[in-house]
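A short write-up of the structure that comes next.
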Amino acid sequence: MNAARVLITIVGLVTAVVTFCLLRFPHARRPQFRQYGAFSLATSLLGAAVVLAFCLLLAYLQGIWSR
């Protein structure tokens with residue numbers, strides 16, 4: 001596993017956690033978006049999973065392209 005794949009994976013994990021937190025906890029959002037309530041736990045997990053899956057797909061494709 002090369003450095004680019006590791007970096008993409010780490011960024012993906014961090015982005016998934018941030019996505020979950022922003023969807024679940026409205027007080028962490030920017031002021032103009034705080035009016036919308038917190039999303040459900042299932043929706044927050046699904047949003048984080050989609051972001052993580054996309055980043056892992058990018059890491060996988062980067063590994064294929066670098067061969």
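Because only heavy atoms are used, hydrogens play no part in the values below, and waters and symmetry mates are left out as well, while side chains stay in.
Proximity of a side-chain donor or acceptor of Arg24 to a complementary backbone N or O of Phe39 within less than 3.5 Å is detected.
Partners of Leu57 under the side-chain contact (heavy atoms from CB on, under 4.5 Å) rule, at least two apart in sequence or in another chain, are Leu61. Leu56 pairs by the side-chain contact (heavy atoms from CB on, under 4.5 Å) definition with Thr9, Leu52, not counting sequence neighbours. For Arg34, the side-chain contact (heavy atoms from CB on, under 4.5 Å) partners two or more places apart in sequence, or in a different chain, are Arg29, Pro31. Partners of Ala4 according to the side-chain contact (heavy atoms from CB on, under 4.5 Å) rule, which considers only residues two or more places apart in sequence or in another chain, are Asn2, Gln62. In this structure Thr15 satisfies the side chain to side chain donor-acceptor pair (under 3.5 Å) test with no other residue, sequence neighbours excluded.
Residue Ile8 holds its CD1 atom at 10.0 Å from CZ of Phe54, rounded to the nearest 0.5 Å. For the atom pair Cys55 SG and Ile10 CD1, the distance stands at 12.0 Å (nearest 0.5 Å).
Cluster annotation: Trp65 is connected to Tyr60 through the hydrophobic network of ILVMFWY side chains, with a link wherever side-chain heavy atoms come within less than 4.5 Å.
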Please list every donor-acceptor pair under 3.5 Å in which a side-chain atom of residues 40-50 meets a protein atom from a residue at least two apart or in another chain.
{"residue": "Ser40", "atom": "OG", "partner": "Thr43", "partner atom": "N", "Å": "3.2"}
{"residue": "Ser40", "atom": "OG", "partner": "Thr43", "partner atom": "OG1", "Å": "2.8"}
{"residue": "Ser44", "atom": "OG", "partner": "Ser40", "partner atom": "O", "Å": "3.0"}

